[in-house]
Visitor: 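Take a look at the following structure, please.
Note that these values count all heavy atoms, side chains included, but never hydrogens, waters or copies made by symmetry.
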Amino acid sequence: MKRVVLGVAGASGAAIAMRIGELLANLPDVELHLVVSDAGKRTIAHELGPDALGNLAKLARHNYSANDIGATIASGSFKTAGMIVAPCSMRSLAAIATGLSDNLLTRAADVHLKERRKLILLARETPLHLGHLRNMVAVTEMGATIMPPVPAFYRRPETIADIVTHIAARAIDQLDLGQSPLAVEWDGNA
């Protein structure tokens, strides 16, 4: 069983977190662990509605409070295949970049860095100032992957759901869980 941690921070993009949760929940041999920051809870409710957090929580095998700093995912001895933070707010990015493990989401991300496990951050902000860029460089130098949720317009998406699914699939594919790629591979034809 491959354990995957999904962290949801307070930036806009709750639909991406939900879709990642749905895709991971449907993968055989994947055990989803979910932690949502307080700001993430607020954003999920605003963007997806009052029932969305409960629906996302149902997809996970284990749910953790962002305040539960002693949860299993806070320890390097708890082996995972990786962690995705989607969306990743600039506040969470800054905390991860500086090792500020003041909640479970940032602590779990810090553990992934120190244990040299995959950490995928769907950094969500625009425009970016120099501090944001420096934090992105810092986490990249530590081994994380910065993956802004940028639409693949070359795929000619017809709906927002198409865009969200492609971004979610690409993020999961970054973990290399051993399954066939979830994102449709580019065949070189326009």
Visitor: Keeping the roles fixed (side chain from Arg107, backbone from Ala74), state whether a donor-acceptor pair exists under 3.5 Å.
Guide: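 Looks like yes, one N/O pair under 3.5 Å.
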Visitor: Check Ile163, Ile172, Thr165, Leu24 against Arg19 for a side chain to side chain contact (heavy atoms under 4.5 Å, CB included) and give me the one that passes.
Guide: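 Output: one option passes, namely Thr165.
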Visitor: Quick check against the 3.5 Å criterion: does Asn135 have a side-chain atom that pairs as donor or acceptor with the backbone of His132?
Guide: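 Checked: no pair found.
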Visitor: Leu133 and Ile146: same hydrophobic cluster, using ILVMFWY side-chain contacts below 4.5 Å?
Guide: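 Yes, Leu133 and Ile146 fall within the same hydrophobic cluster.
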Visitor: Is it the case that atom CZ in Arg155 sees more than 12 heavy atoms from other parts of the structure closer than 6.0 Å?
Guide: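 More than 12 heavy atoms, drawn from other residues, nucleotides or ligands, come within 6.0 Å of this atom.
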Visitor: Would you check if His62 and Glu31 make a side-chain contact, meaning some heavy-atom pair closer than 4.5 Å?
Guide: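 Sidechains of Glu31 and His62: in contact.
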Visitor: Please give me the minimum heavy-atom distance between Ala144 and Leu121, naming the atom from each residue.
Guide: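 Residues Ala144 and Leu121, closest heavy atoms: CB-CD1, 4.2 Å.
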Visitor: Please find the pair of heavy atoms, one from Ala171 and one from Ile20, that lie closest to each other, and give the distance.
Guide: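 Here Ala171 and Ile20 meet closest at CB-CD1, 4.2 Å.
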Visitor: Verify the neighbour count for atom NZ of Lys114: are there more than 12 heavy atoms of other residues, nucleotides or ligands below 6.0 Å?
Guide: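 Atom NZ in Lys114 is crowded, with more than 12 foreign heavy atoms closer than 6.0 Å.
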Visitor: Quick check: are there more than 12 heavy atoms from other residues, nucleotides or ligands sitting under 6.0 Å from CZ of Arg91?
Guide: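 Atom CZ in Arg91 is packed in, count exceeds 12.
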Visitor: Is it true that the side chains of His33 and Thr80 contain a donor and an acceptor less than 3.5 Å apart?
Guide: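 His33 vs Thr80: no donor-acceptor pair found between side chains.
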Visitor: In a table with atom names and distances, give each donor-acceptor pair under 3.5 Å that connects a side chain of residues 4-11 to protein atoms at least two apart or in another chain.
Guide:
none

Visitor: Could you walk me through whether Ile96 and Asp110 pass side-chain contact (heavy atoms from CB on, under 4.5 Å), step by step?
Guide: CA-CA 6 Å; Ile96 295 164; Asp110 190 62; over 6 Å; no
Visitor: Distance-only, no hydrogens or angles: does the Glu47 side chain make a donor-acceptor pair with backbone N or O of Ala14 under 3.5 Å?
Guide: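 Here the side-chain-to-backbone pair exists.
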Visitor: Using every non-hydrogen atom in the two residues, find where Met142 and Leu113 come nearest and quote the distance to one decimal.
Guide: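 So the two residues come closest at O-CD2, 3.8 Å.
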Visitor: Looking at Ser89, is its backbone amide N or carbonyl O close enough to the side chain of Ser92 to form a donor-acceptor pair, meaning the two atoms are under 3.5 Å apart?
Guide: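 Absent.
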Visitor: Side chains of Val139 and Leu93: closer than 4.5 Å at any heavy-atom pair?
Guide: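 Of all side-chain heavy-atom pairs linking Leu93 with Val139, at least one is under 4.5 Å.
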